[in-house]
Amino acid sequence: MTVATADAAPHTAVAPADPRSFTFQMPLFRPGTQVTQNGKQEKVSHVILRRRELMVYLVGHEDPVKPERLSIAPTLFTTQRRAQPLSWIL
């Protein structure tokens, strides 16, 4: 005769991965973005990659600025694919 016991361990579900594990933060320099240089508010005019370096041009300034010299709030990005509807016609 077989007797069932209540001591059997219940099946535990695997917890889903933390959604923040697929995200990261980094500065995003794009035209019109407000940045701070030497305590002064500036606006980004355009951005250029020159000799493998990122150069940021500010509105009203001719010379480029290295991004390390600018302060900007980081933008949150994800590495997880998101389904997007097709926007083109076959």
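Looking at Q25 and T75, their side chains never bring a donor and an acceptor atom within 3.5 Å of each other.
Atom CG of L76 is separated from atom CE of M26 by 11.5 Å, given to the nearest 0.5 angstrom. To the nearest 0.5 Å, atom CG of residue L70 and atom CD of residue Q34 are 12.0 Å apart. In this structure, OH in Y57 is found 8.0 Å from CG in D63, a value given to the nearest 0.5 Å. For the atom pair Q80 CD and T78 OG1, the distance stands at 5.5 Å (nearest 0.5 Å).
Minimum heavy-atom separation, S45 to P31: O-CB, 3.5 Å. Between P64 and R50, the shortest heavy-atom distance links the atoms CG-NH1, 4.1 Å.
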- Determine, step by step, whether T36 and Q41 satisfy the side-chain hydrogen bond (donor to acceptor under 3.5 Å, both in side chains) criterion, reporting the C-alpha distance in whole Å, the side-chain angles of both residues, the deciding distance to 0.1 Å, and the verdict. CA-CA 5 Å; T36 305; Q41 290 287 323; 3.1 Å; yes

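Residues forming a ring pair (Phe, Tyr, Trp, His ring centres under 6.0 Å) with F29 (at least two apart in sequence, or on another chain): none. The ring pair (Phe, Tyr, Trp, His ring centres under 6.0 Å) test applied to H61 returns no partner, not counting sequence neighbours.
A continuous path of Ile, Leu, Val, Met, Phe, Trp and Tyr side chains, each step under 4.5 Å between heavy atoms, connects I72 with L49, placing both in one hydrophobic cluster.
Although no hydrogens or angles enter the test, the distance criterion places a donor-acceptor pair under 3.5 Å between the side chain of T79 and the main chain of F22.
Checked against V44 for a side chain to side chain contact (heavy atoms under 4.5 Å, CB included), the options V65, V59, T33 give a single hit: T33.
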